[in-house]
Asks: 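Here it is, the structure in full.
Throughout, protein chains are lettered first and strands after them, A, B, ... in sequence-line order, and every chain is numbered starting at 1. We use all heavy atoms of the structure for the numbers below, so side chains are in, but hydrogens, waters and symmetry mates are not.
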Amino acid sequence: MIFLARRIAFYFAAFFLAITFNFLIPRLMPGSPSDRIIASFQGRLNESQIAAIRKAYGFEGNLWEQYVTYVQSVFRLDFGISTVQFPEPTASLLFYGAQWTLVIVGLAIFFAFFIGSFMGIHAAWNRGGFFDSFFTPINVMMNAFTPAIVALVLFYAFSLQLKWFPLGRAHDPNLMPNWFDLKFVGSVLYHATLPVLSIFLVSFGGWHLGMRNVMINLLNEDFVVMARAKGLSENRIKYRYVARNAILPQITALALSIGFALGGALVTEQVFNYPGLGKFTFTAIGARDYSFIQGQLLLLTCSVLVANLLSDIANVILDPRLRGR
Amino acid sequence: MSELAHTPAFPLRAESAADLAAAAPSHPELMRELGVRPRPGWTANLPAGLASFLTNGKGMAGVIILLVLVVMSAAAPLLSDYNPNRRAGKPHVMPSYEHVLGTTRLGKDVFTQLVYGGRVSLSVGIGAGAFAALIGLALGISAGYFGGRTDEIISFFVNVVLVLPGLPLIIVIATMVEAASPMVIGLVLALTGWGWAARTIRTQTLSLRTREFVLSAELLGEKKWRIILIEIFPNMLSFFMGGLVLGTIAAILAEAALEFIGLGDPNAVTWGTMLFWAQNNLALQSGAWWEIWPPCIAIMLTGAALVLVNFAVDEITNPQLKASRKIGRIKRFLTRRGRGADVF
């Protein structure tokens, strides 16, 4: 319990650091967002209009007052008003995009983690064999192929040339969004296939290598020799003894990898014209919509921190040594 | 090695000892069967780490690919007469004798852009990777060596940097700088990318600081910075190299990704901005494959070459991984001789 309490305290501190960072960046850089908007009117604004713009962007009062207002607005989930889709609050755009990003990132991480880890278990168990010496280097090499390029290749081959998959959107526009309608879910999965595949292809090698290296180090441990001496079956030793211990660092890495996968999704969505956070962020960058760009950082930070907390809880459940602490 | 030829490795059957000695493979044959090659003589005078890197096939393959890319970028003005920023021909010309890799929609020569872009992309990537590894080295050694309060504070920041999502954070910083130049992008990548290096180097320092040679230096009254530089740092070189290689991979990929989504300076010529323009001009949809694939292949080749180098560094720092690569051969060797392969 003390272990979990310490972790929660750390995540709170990290979250506040992220908020503070988000708050300070535009204020330290030359030319704040509101100054730029004011400058874009080329002196056609009067005093009260300038004050109103500064107020709307939270640049009113001294630095400490601005900070307090900012923190309060974050906890009210008030990220300001989008300039791209003007009267729409940024928060609702963020959450609309986040649901689609969640679909592809969730599926990609799920498949990458399980398939990669299983390949790692297999490679470590038969280490030096054909599977290990052939697939381990290749899978790890795939890690260095950035999602942008893999997505471009898949898009070119399967969407443009073979026309097996759609050129954009998250689901068939003729279907009403309804998560209990199998036809709708099927269409969502169909549209998500290539984006998921491109994130999957660049990330499963990491799980493969991580699992393999931890497993190899564990194979020399006394408990493995003991399990063999007891005459347990190969599969039992492999999965219940070695893999179970090797999975613990993988779960910690799983939470950290979500940040990486979200970054990959930003680029992938751009290629596949997929209406997730990344696509919106791309539009926001083009239009310099600062409230959205800052909002995406906060939302993503929050989700990564929550994922880390969940992985800590999973570690406590799986690793009895942590329970007493 | 001679005892291998004389002590039979399997239970004696009816054969006499003399028959066995005749049938047993000679030393060079055994070496060949086990895949053990003697180290070439010219590496004898080199430091052990360098020698095992130079004889590592994967590592050298990576180094050669990298060298080719670096030399091509450095020799860009010799390889092409065009200006990468200027129109060189008609828009979207197919690859031909005049334009080896065709032209972009704006009529710029793709091959020229590729070699000039390599200058920026490679130097930003390697520079950012080196800077990040240096920050990681400094913070990791300080945290591990000084311990206590210093360690707690540094570890807190390391954990924060590791936990915050990298690309979204960089996007926020890069948007605030109007049209971030490659230099700015490299700097931001270095300042956000030192987490892993710091963590591994801290762990290594922790295990080194209680070793005898460090203790004896402390007892001799050596200055702290001297112990760090002369006693600890040389032992960190391979981890520093690993951090450098991984940091460079991350930086090259992240720079390409940032420029691809339009955060870079669109007038700079880099592999990332080439991709950005190709995507913006719908090169794929209009069939101009030569505009989009060259920068893709260049980025992937660089990434693959660095991964190969990292394999070699990994095998040198963690001999267990290298040993396990040879286990397949040893198992097959034993199986052929009728011994169980059930050895760990």
Asks: Can you tell if the side chain of B/Cys296 reaches within under 4.5 Å of the side chain of A/Val153, non-hydrogen atoms only?
Replies: no

Asks: Hey, which of A/Leu299, A/Leu298, A/Val304, A/Leu297 is the one that makes side-chain contact (heavy atoms from CB on, under 4.5 Å) with B/Pro168?
Replies: A/Leu297

Asks: A/Val267 versus B/Ile261: any side-chain heavy-atom pair under 4.5 Å?
Replies: yes

Asks: What are the two closest non-hydrogen atoms of A/Phe10 and B/Val160, and how far apart are they?
Replies: CZ-N, 3.8 Å

Asks: Would you say the side chain of A/Leu152 lies within less than 4.5 Å of the side chain of B/Leu275, judging by non-hydrogen atoms?
Replies: yes

Asks: Between B/Leu306 and chain A, with a heavy-atom cut-off of 4.5 Å, which part of the residue counts as in contact: side chain, backbone, both or neither?
Replies: neither

Asks: Of the backbone (N, CA, C, O) and the side chain (C-beta and beyond), which part of A/Thr281 lies under 4.5 Å from a heavy atom of chain B, both, or neither?
Replies: side chain

Asks: Can you tell me which portion of A/Val271 sits under 4.5 Å from chain B's heavy atoms? Options are side chain, backbone, both or neither.
Replies: both

Asks: Between B/Phe156 and chain A, with a heavy-atom cut-off of 4.5 Å, which part of the residue counts as in contact: side chain, backbone, both or neither?
Replies: both

Asks: Is the number of heavy atoms from other residues, nucleotides or ligands within 6.0 Å of CZ (A/Phe12) greater than 12?
Replies: no

Asks: Under 4.5 Å heavy-atom distance to chain B, tell me which part of A/Phe130 shows up: side chain, backbone, both or neither.
Replies: neither

Asks: Take a 6.0 Å sphere around CE of B/Met60 and say whether it holds more than 12 heavy atoms from other residues, nucleotides or ligands.
Replies: yes

Asks: What part of A/Phe15 is in contact with chain B, defined as an atom under 4.5 angstrom from a non-hydrogen atom: side chain, backbone, both or neither?
Replies: neither

Asks: To the nearest 0.5 angstrom, please state how far the CG atom of B/Leu162 sits from the OG1 atom of A/Thr252.
Replies: 12.0 Å

Asks: Of the listed residues (A/Leu266, A/Val140, A/Leu262), which shares the most heavy-atom pairs with chain B below a 4.5 Å separation?
Replies: A/Val140

Asks: Answer with side chain, backbone, both or neither: which region of A/Leu17 has an atom nearer than 4.5 Å to a non-hydrogen atom of chain B?
Replies: side chain

Asks: Rounded to the nearest 0.5 Å, how far does CG of A/Leu209 lie from CZ of B/Phe311?
Replies: 6.5 Å

Asks: Using a 6.0 Å cut-off, check whether atom CZ of A/Phe21 has over 12 heavy atoms from anything other than its own residue.
Replies: no

Asks: Sort B/Ile292 into side chain, backbone, both or neither according to what part of it lies under 4.5 angstrom from a heavy atom of chain A.
Replies: side chain

Asks: Quick one: what part of B/Trp271 sits under 4.5 Å from any heavy atom of chain A, side chain, backbone, both or neither?
Replies: neither

Asks: Check each atom of A/Pro137 against the heavy atoms of chain B and say whether the ones under 4.5 Å are side chain, backbone, both or neither.
Replies: both

Asks: Go through the atoms of B/Asn159 and report whether side chain, backbone, both or neither lie under 4.5 Å from a heavy atom of chain A.
Replies: both

Asks: Could you tell me whether A/Met142 atom CE has more than 12 heavy atoms of other residues or ligands within 6.0 Å of it?
Replies: yes

